[in-house]
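Heads up, the thing below is written out as structure tokens.
Convention: sequence-line order gives letters A, B, ...; per-chain numbering from 1.
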2 protein chains.
Amino acid sequence: MARRRQSVTIKHVAADAGVSLQTVSRVINDGPNVRPEMKERVQASIDKLGYVPSIAAQRMSGSRSYLILALNDRERTLEEWEARQGSDWVNQMLLGGMLTANQHGYRMMVELVDTHNDHVERELGAAIAALQPDGVILTPPHSENVLIADLLSGMGIPFARIGSLDEGPGIAMTMDDEGNARKATEHLIGLGHTAIGFIAGPSDYSLSAWRVEGWRKAMETAGLSTERLLASGDFGYDSGLNAAQDLLNETPRPTAIIASSDQMTLATLEVARNRGIAVPADLSLISFDNTPIVNFTDPPLTAVDQPIAKTTSRAVELLIEASRKGVRPDAPVNVSGKLVQRASTAPPRHHDNT
Amino acid sequence: MARRRQSVTIKHVAADAGVSLQTVSRVINDGPNVRPEMKERVQASIDKLGYVPSIAAQRMSGSRSYLILALNDRERTLEEWEARQGSDWVNQMLLGGMLTANQHGYRMMVELVDTHNDHVERELGAAIAALQPDGVILTPPHSENVLIADLLSGMGIPFARIGSLDEGPGIAMTMDDEGNARKATEHLIGLGHTAIGFIAGPSDYSLSAWRVEGWRKAMETAGLSTERLLASGDFGYDSGLNAAQDLLNETPRPTAIIASSDQMTLATLEVARNRGIAVPADLSLISFDNTPIVNFTDPPLTAVDQPIAKTTSRAVELLIEASRKGVRPDAPVNVSGKLVQRASTAPPRHHDNT
DNA sequence: GTGAAAGCGCTAACAT
DNA sequence: ATGTTAGCGCTTTCAC
């Protein structure tokens, strides 16, 4: 294959504008010490020649790579992808992050890394060495992996931890799990429910506990008991089946259930259907995630929307700032989600709802 | 922010192994002229030091960038993303391509480019200049954009055109649209249907015509008329509504409809529901795309699965080969999809099905 | 304010 | 079979 060299380089621009390379570089990077007049002339040449700096060369000379790396868990991502159950996490992350990155002249790349692998260090190191990103976005469960945090921190690469409130290096970010769980619970309480079950996510995700916390607090505030109303799963469908069975076997039966993922809510819906429990007449359901499929279930599910795109977008902004100015927020960054009301919630039967 | 330099470079390896830079380079690139013994020694140092070549530096010195760029239409991609109708095209492309790229030591990036913009040339040129990809994957409608093809071809960058059979530079690829439409039609014919309607996609996509062709040929082969059985839309839901109305207004009414996208099929389902036409008892439906949502409709839709991941994966392989050896397939590459049978197809009512 | 020189990490071309 | 030399396109010193 023919060797491809940059067609128009900084040299061409410099020659065209009749200035030194350095001046052109200053204009590109918005550096100081350029007279407006000079700047204009150079910019004119740039536009005329259609010059675009080579990222590789910029990286080489020790400056930015204009690259943000989003790290996802390989196993989980591939599982979700193969299942084709409509999870659009990667999609939301990619597009949300990409658009914001592009606005700042950056690009975003997605990379899969094994968590449970002894070679995290190698895999991650390789990705960093090869790509030299200006910032890294960590998603659960990577965001709570201390080894990864230490590695990144040691290399001086800014990173954001989505779904982690741990102290330590990196920018901690959440999607307001506790608040959202509270909102969901309060919505059901407002409808008149008093026995509201909760299906938690796996305990190795901090956000699982946060959500439980939100539910528990809302219940307590309303003077309601949470006794025998908590079950848990691993976010997957099958685990949701079990959790739903458990909850619906209780007496008295909960009149509403909040589940920590769409898949587990789908499972709950299925269990209810099999037992002849009508949703929402006999059982109200609120889901977490709000992936596209919850629009198409029968009934469509009321769900807590996880603002993945918005969070990723914010992460990109914070990372760019961190890499340029060396600053990071002094407190965890919280991006709020919202409750999307659909048809799976209603007042409980035989209840005097005011 | 502290200036980050590569922590371990080719120099360190060379020093550690007591050889020249060039020898290390040869080992990395599997070059000729290295004694196995030497190679082993160098490899040992590489492993020991955890060395990974910087792709920026590799790019700089005129070799590969190890980067494959996937170009999508900005407008369409963003529309689909915002609608959150469960389209997972980007997801499928990214993961399908990424995994294969990774296996070869390459990375894949997604980039959005405006089609209907006068600045395609600028936008594309900028992306290429900045990234210097070793190969580019074009999806519809970019894959049929002559300007883009010429640009890429002029720069000597290998590219694949997914959904295009045009002659000219680049690797033409299809997902067997004609064959899939034929299969779908034959399936319905096999069930006993004789009046099978077809909702085509927009005419500026070649694949729209290919699908119509597949349907038409299957009908003709079976000796069935296609008169008044063809409508068309733009892949979107609203256009599907109109197309379905038209088709279902005909007398005699078709007993089956194939629509060229999930959204249009969903619309057809809705129109049928509103008119009290039962699916599949009174009307069989086959969809194109097979996005996750078709599992959750009532009834779940029989659909032609578009092998996006597989096609992208194949494209990556072909591009890597093209960039290394300068060869490309001498005929269009066809990646076959399959018909996924669900509950929206059945024999027509009052029909003697054998 | 602007320019000239040095070098980033790597590979192609040319020695040896 | 291996080493040496000269850049790639750009940014960082450091002069002027």
Distance check needed: C:dC8 P versus B:Q58 CD, whole Å only.
17 Å

Measuring from atom CG of B:L319 to atom CZ of B:R324, what distance do you get when rounded to the nearest 0.5 angstrom?
12.5 Å

D:dC10 phosphate, OP1 or OP2, under 4.0 Å from A:Y66 side-chain N/O
no

D:dC8, OP1 or OP2 - any side-chain N/O from A:K11 closer than 4.0 Å?
yes

Neighbour count above 12 (heavy atom, 6.0 Å) for A:E37 CD:
no

Does anything in residues 28-70 of chain B form a ring-ring contact (aromatic ring centres under 6.0 Å, His included)? List the pairs, not counting sequence neighbours.
B:Y66-B:Y106

Specify the residues of residues 17-44 of chain B, ordered by number, for which at least one heavy atom lies under 4.0 angstrom from an atom of DNA chain D.
B:V19, B:S20, B:Q22, B:T23, B:R26, B:N33, B:V34, B:R35, B:M38

Return the set of residues passing ring-ring contact (aromatic ring centres under 6.0 Å, His included) with B:F159 (not counting sequence neighbours), or none when no residue passes.
none

Please report the interatomic distance CD(A:E121) to CD1(A:I148), rounded to the nearest 0.5 Å.
10.5 Å

Which ring-ring contact (aromatic ring centres under 6.0 Å, His included) pairs, counting each pair once, include a residue from residues 138-158 of chain B, with sequence neighbours left out?
none

At how many degrees, to 10°, do the end axes of the helix from C:dG1-D:dC16 to C:dT16-D:dA1 meet when each uses five pairs?
40°

Output the rounded distance in Å from CE (B:M60) to P (D:dC10).
8 Å

Quick one: does B:M175's side chain get under 4.5 Å of B:I162's, heavy atoms only?
yes

Could you state the atom-to-atom distance from CD1 of B:I55 to C1' of C:dC8 in whole Å?
15 Å

Whole-Å distance, B:D134 CG to C:dT11 C1', equals 14 Å

When the distance from NE2 of B:H12 to P of C:dG9 is rounded to whole Å, what number comes out?
8 Å

Residue pairs meeting salt bridge (charged side-chain N to carboxylate O under 4.0 Å, His left out), one or both in residues 14-33 of chain A, sequence neighbours left out, come to A:D16-A:K48, A:D30-A:K39

